[in-house]
Amino acid sequence: MTTSEQTGTGHEGCGCGCGTPGRGAFVQLGSRPADAAATPAGGRHGVEQLRIPAGTFTMGDSSGDRNAGDGEVPLHEVTLDAFEIDATTVTTADFARFVDDTGYRTEADTFGFSAVFHLAVEADPADIMGQADGTPWWFGVRGADWAHPGGPRSSIEGRDDHPATHVSWNDAVAYCAWAGRRLPTEAEWEYAARGGLDGAKYPWGDAEVDDGGWRANIWQGTFPRENTLDDGWLTTAPVRTFEPNGYGLWQPVGNVWEWCQDWFDPNYYRQSPAASPTGPGQGGGRILRGGSYLCHISYCNRYRNSARSSNTPDSSMGNAGFRTVALTPTHDAATETGA
């Protein structure tokens, strides 16, 4: 494995994403309309809400396991207002309600393909476009989308409680517009993922993911050829698998990468504001957080609280989803009274 593969900097539009290629890594079968129709608001967002208290935390990697080029340092204090966030990622059932209400077509539908991990492909050979340069375990598959995560031969039947995948950043924003919500900022995501354990490596503390029983859905075995399935899952697990963190968030690390609001800049932490940072004003990719079922310590050691990745806003893949936050900060009496 080359250095560029280990750090995730050797392919377009991706800081890692467990090696997920950007949309441009595959032959484009169509182009996204220049002016997408506005998504009507008033959707039925049914995900359980968690109130995250206002506070200050240390953002960034304090474990020493950071990846070169990801910009997990310098450590810096960040202060946030209270907010409400989804207890889980948006599920296929949640996303189906959105599509049913609006008739929305995702970018996987518009382009005609999405990225599928090679062991998860369920498609005729004619629908497999080929491998991504530098990450040959990713195939461009025609007909792969949120409702067909492995390709045209697959479905989401029996997977209502699994995370919605093959959803681009643009698609996630469209869902948020329908639901009257937004994506979390990167700082909000990390603060919530830590569950009140400031400086901890993982949402549950510093114990390794397999210490005393599996705590997250990641890769086991030899990546990318053999997964021993020790944690029970080849691809996604139901969103309420394993144990929630101290704030009640389920699987903020592992399972699927989660889109955040911010643009990605590996140097942003050097000048980010101390209060409620929202990321740089522009960039080539949007932030992804949390790692996925493809993360492995030998390849993509990014199933940590502070780990960062990115991909282009129009990219979709089988190991990324999202959770949302409320538009209005929650009332925090302790903050207002100075307690």
Side-chain angles (χ1 to χ4, degrees), residues 1-11 14-20 57-78 135 137 184 186-224 227-228 230-231 242-243 245-247 249 251-260 262 264-270 272 277 285 287-311 319-320:
M1 183 175 293
T2 68
T3 300
S4 64
E5 288 171 341
Q6 290 173 324
T7 61
T9 57
H11 37 85
C14 179
C16 172
C18 299
T20 312
F57 76 107
T58 302
M59 189 169 183
D61 174 60
S62 56
S63 70
D65 287 345
R66 68 191 70 106
N67 290 281
D70 286 359
E72 294 184 54
V73 290
L75 293 173
H76 56 292
E77 286 195 343
V78 171
T135 54
W137 43 87
E186 182 180 21
E188 288 170 337
W189 188 96
E190 183 171 325
Y191 183 46
R194 290 184 176 278
L197 300 178
D198 198 22
K201 184 176 179 179
Y202 303 114
W204 55 83
D206 291 321
E208 290 304 319
V209 65
D210 59 346
D211 186 1
W214 287 97
R215 294 179 168 89
N217 178 17
I218 62 170
W219 185 273
Q220 305 92 48
T222 305
F223 186 87
N227 189 331
T228 60
D230 290 351
D231 65 7
F242 307 106
E243 296 293 329
N245 73 2
Y247 287 149
L249 272 73
Q251 297 193 86
V253 303
N255 214 23
V256 292
W257 284 97
E258 299 181 20
W259 290 110
C260 291
D262 311 31
F264 174 73
D265 179 350
N267 299 311
Y268 181 65
Y269 285 4
R270 300 184 184 280
S272 62
I287 288 286
L288 287 159
R289 282 302 203 109
S292 82
Y293 58 80
L294 295 181
C295 277
H296 187 270
I297 195 168
S298 70
Y299 166 64
C300 180
N301 181 20
R302 288 175 172 89
Y303 48 95
R304 297 175 287 105
N305 290 327
S306 64
R308 312 175 76 211
S309 185
S310 67
N311 212 327
N319 67 336

Query raised in the report: Can you name the residues that form a salt bridge (charged side-chain N to carboxylate O under 4.0 Å, His left out) with E186, not counting sequence neighbours?
Result: R289, R308

Query raised in the report: Out of curiosity, D262 CG to S310 OG, how far, rounded to the nearest 0.5 Å?
Result: 11.5 Å

Report summary line: Heavy-atom closest pair (F223 atom, L294 atom, distance to 0.1 Å) is CE1-O, 3.6 Å

Query - Set of residues satisfying salt bridge (charged side-chain N to carboxylate O under 4.0 Å, His left out) with respect to E258, sequence neighbours excluded - result: R323

Query - Partners meeting side chain to side chain contact (heavy atoms under 4.5 Å, CB included) with A187 (sequence neighbours left out) - result: M59, V78, L80, T185, P277

Query raised in the report: What pairs with Y268 under ring-ring contact (aromatic ring centres under 6.0 Å, His included), at least two apart in sequence or on another chain?
Result: none

Requested in this report: Could you pull out all residues at least two apart from N255 that satisfy side chain to side chain donor-acceptor pair (under 3.5 Å)?
Outcome: N217

**Report entry** Taking every non-hydrogen atom, the tightest pair across G291 and C295
**Finding:** CA-SG, 3.6 Å

Query raised in the report: Parallel, tilted or perpendicular: which describes the rings of F57 and Y191, with under 30° parallel and over 60° perpendicular?
Result: parallel

**Report entry** Side-chain touch Y303/I297, heavy atoms, less than 4.5 angstrom
**Finding:** yes

Report summary line: ring-ring contact (aromatic ring centres under 6.0 Å, His included) filter on W204, not counting sequence neighbours, yields Y202

**Report entry** side chain to side chain donor-acceptor pair (under 3.5 Å) involving N301 - partner list, sequence neighbours excluded
**Finding:** none

Query raised in the report: Should W257 and N319 count as side-chain neighbours, where that means a heavy-atom distance under 4.5 Å?
Result: yes

Report task. Looking only at non-hydrogen atoms, find the nearest pair between A193 and P252 and report the distance. Result -> CB-CB, 3.8 Å

Requested in this report: Just jot down the salt bridge (charged side-chain N to carboxylate O under 4.0 Å, His left out) partners of R194, sequence neighbours excluded, or say none.
Outcome: E190

**Report entry** Pairing residues for T222 by the side chain to side chain donor-acceptor pair (under 3.5 Å) criterion, not counting sequence neighbours
**Finding:** none

**Report entry** Any donor-acceptor pair under 3.5 Å from R215 side chain to E208 backbone
**Finding:** yes

Query raised in the report: Should I218 and V209 count as side-chain neighbours, where that means a heavy-atom distance under 4.5 Å?
Result: yes

Query raised in the report: Does D65 come within less than 4.0 Å of K201, counting only side-chain N to carboxylate O?
Result: yes

Report task. Could you tell me which residues satisfy side chain to side chain contact (heavy atoms under 4.5 Å, CB included) with E77, sequence neighbours excluded, listed by chain and number? Result -> T56, T58

Query raised in the report: Do S62 and L75 have side chains that get closer than 4.5 Å, going by heavy atoms?
Result: yes

Query - side chain to side chain contact (heavy atoms under 4.5 Å, CB included) partners of A192, counting only residues at least two apart - result: I52, F83, I85, L249

Requested in this report: Could you pull out all residues at least two apart from F242 that satisfy ring-ring contact (aromatic ring centres under 6.0 Å, His included)?
Outcome: none

Query raised in the report: So, do N67 and R304 sit near enough that their side-chain heavy atoms are less than 4.5 Å apart?
Result: yes

Query raised in the report: Quick one: does P203's side chain get under 4.5 Å of Y247's, heavy atoms only?
Result: no

Query raised in the report: So, does Q220 use its side chain to make a donor-acceptor pair with the main chain of D230 at under 3.5 Å?
Result: yes

